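Only one structure is covered here, and it is reproduced in the block below.
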Amino acid sequence: MIIGLTNQKGGAGKTTVAGHLAYWLSQRGTVIVVDADAQQSSTNWMKDLKLPCKTMIDPDDLFDELPTLAEQYAAVVVDGPGSLSETTKAILSRCDLALVPCKPAGLDMHSTSKTVRILRQARELRVGCRM
Ligand SMILES: Nc1ncnc2c1ncn2[C@@H]1O[C@H](COP(=O)(O)OP(=O)(O)OP(=O)(O)O)[C@@H](O)[C@H]1O
Ligand SMILES: [Mg+2]
């Protein structure tokens, strides 16, 4: 399963959730974290936890390589960047579960609604066409 953490809002909790989720999953099966954020916070955190982690920011790499990683690991946790970039769209195009952390404040909710819009579009594109 590919689990994507996305939200264009910075500081929403993407990396925090990705790290804790990856550790929890690692106690139950194989897991790799894909760090799609140039800040490389997850990459550094996973080094400390000694969990597999791959930095992958290029949208084409994510699109092509996430399915392969999903065949090799029980879970692939993708920590997305704080932007509505092609990178985020590639993650949403490939993930089986999208988690969109959001703080309970007006500005955060407004920003998050744009991410949810892209998520809805990705779902519409993908219905019945998983390859
Ligand atoms: N559930 C939570 N409650 C309180 N603080 C939290 C929670 N989740 C994360 N934080 C704190 O919020 C800050 C930002 O979190 P984090 O780095 O995970 O966000 P992010 O969405 O990955 O940001 P960025 O887009 O910059 O990568 C951190 O200091 C983190 O400890
Ligand atoms: Mg982050």
Side-chain angles (χ1 to χ4, degrees):
M1 173 181 260
I2 303 170
I3 304 167
L5 277 299
T6 58
N7 194 337
Q8 74 163 345
K9 189 76 183 163
K14 297 179 289 295
T15 301
T16 306
V17 172
H20 285 276
L21 183 58
Y23 183 78
W24 187 84
L25 288 167
S26 75
Q27 306 299 299
R28 289 153 181 82
T30 57
V31 63
I32 185 169
V33 173
V34 172
D35 189 353
D37 188 351
Q39 295 181 94
Q40 301 206 359
S41 307
S42 277
T43 304
N44 291 321
W45 191 6
M46 292 309 113
K47 263 183 212 158
D48 291 343
L49 291 181
K50 298 185 173 33
L51 288 184
C53 181
K54 199 166 183 176
T55 307
M56 198 185 300
I57 293 155
D58 182 83
D60 290 322
D61 289 346
L62 285 159
F63 193 84
D64 288 344
E65 291 183 37
L66 284 178
T68 311
L69 288 173
E71 286 171 7
Q72 297 167 349
Y73 294 87
V76 182
V77 178
V78 192
D79 181 19
S83 64
L84 274 189
S85 56
E86 290 301 314
T87 299
T88 297
K89 289 179 184 175
I91 297 167
L92 291 177
S93 300
R94 282 306 194 195
C95 68
D96 301 299
L97 174 67
L99 298 177
V100 185
C102 179
K103 287 180 182 164
L107 292 176
D108 297 64
M109 300 287 274
H110 181 262
S111 176
T112 300
S113 69
K114 295 180 184 170
T115 307
V116 173
R117 187 180 179 199
I118 302 292
L119 174 57
R120 181 180 51 74
Q121 291 171 354
R123 281 182 64 186
E124 282 183 22
L125 284 171
R126 286 180 51 179
V127 170
C129 60
R130 179 96 197 260
M131 289 187 286

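Count residues from 1 along the sequence. Model, not experiment: these values are computed from the prediction.
- A heavy-atom distance below 4.5 Å is found between the side chains of Pro81 and Ile91.
- With a 4.5 Å cut-off on side-chain heavy atoms, Ser93 and Leu125 do not count as touching.
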In a table with atom names and distances, give each donor-acceptor pair under 3.5 Å that connects a side chain of residues 65-76 to protein atoms at least two apart or in another chain.
{"from": "Glu65", "atom 1": "OE1", "to": "Lys54", "atom 2": "NZ", "distance (Å)": "3.4"}

Validation: residues 103-114 side-chain donor-acceptor distances under 3.5 Å, sequence neighbours left out:
{"from": "Lys103", "atom 1": "NZ", "to": "Gly11", "atom 2": "O", "distance (Å)": "2.9"}
{"from": "Ser111", "atom 1": "OG", "to": "Gln8", "atom 2": "NE2", "distance (Å)": "3.2"}
{"from": "Thr112", "atom 1": "OG1", "to": "Asn7", "atom 2": "ND2", "distance (Å)": "2.9"}
{"from": "Thr112", "atom 1": "OG1", "to": "Asp108", "atom 2": "O", "distance (Å)": "2.7"}
{"from": "Ser113", "atom 1": "OG", "to": "His110", "atom 2": "O", "distance (Å)": "2.6"}

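- Here Cys95 pairs with Ile2, Leu92, Ala98 under the side chain to side chain contact (heavy atoms under 4.5 Å, CB included) rule; sequence neighbours left out.
- For Arg117, there are no salt bridge (charged side-chain N to carboxylate O under 4.0 Å, His left out) partners, not counting sequence neighbours.
- Residues forming a side chain to side chain donor-acceptor pair (under 3.5 Å) with Thr88 (at least two apart in sequence, or on another chain): none.
- Thr6 meets the side chain to side chain donor-acceptor pair (under 3.5 Å) test with no other residue; sequence neighbours excluded.
- Counting only residues at least two apart or in different chains, side chain to side chain donor-acceptor pair (under 3.5 Å) contacts with residues 29-38 comprise Asp35-Thr43, Asp37-Gln39.
- The side chain to side chain contact (heavy atoms under 4.5 Å, CB included) check on Asn44 picks up Lys47, with sequence neighbours excluded.
- Not counting sequence neighbours, the partners of Leu49 by the side chain to side chain contact (heavy atoms under 4.5 Å, CB included) test are Tyr23, Trp45, Met46, Leu51.
- Panel note: side chain Ser42, backbone Thr15; no donor-acceptor pair is recorded below 3.5 Å.
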task = Kindly determine whether Val116 and Arg120 satisfy side chain to side chain contact (heavy atoms under 4.5 Å, CB included), including the steps that lead there.
result = CA-CA 6 Å; Val116 173; Arg120 181 180 51 74; 5.6 Å; no
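- With sequence neighbours excluded, the residues forming a side chain to side chain donor-acceptor pair (under 3.5 Å) with Ser85 are Ser83, listed by chain and number.
- Judged purely by atom type and a 3.5 angstrom limit, Arg28 uses its side chain to pair as donor or acceptor with the backbone of Trp24.
- Atom-to-atom distance recorded for Ile118:CD1 and Arg123:CZ is 14.5 Å, nearest 0.5 angstrom.
- Gln121 is linked by a side chain to side chain donor-acceptor pair (under 3.5 Å) to nothing, counting only residues two or more places apart in sequence or in another chain.
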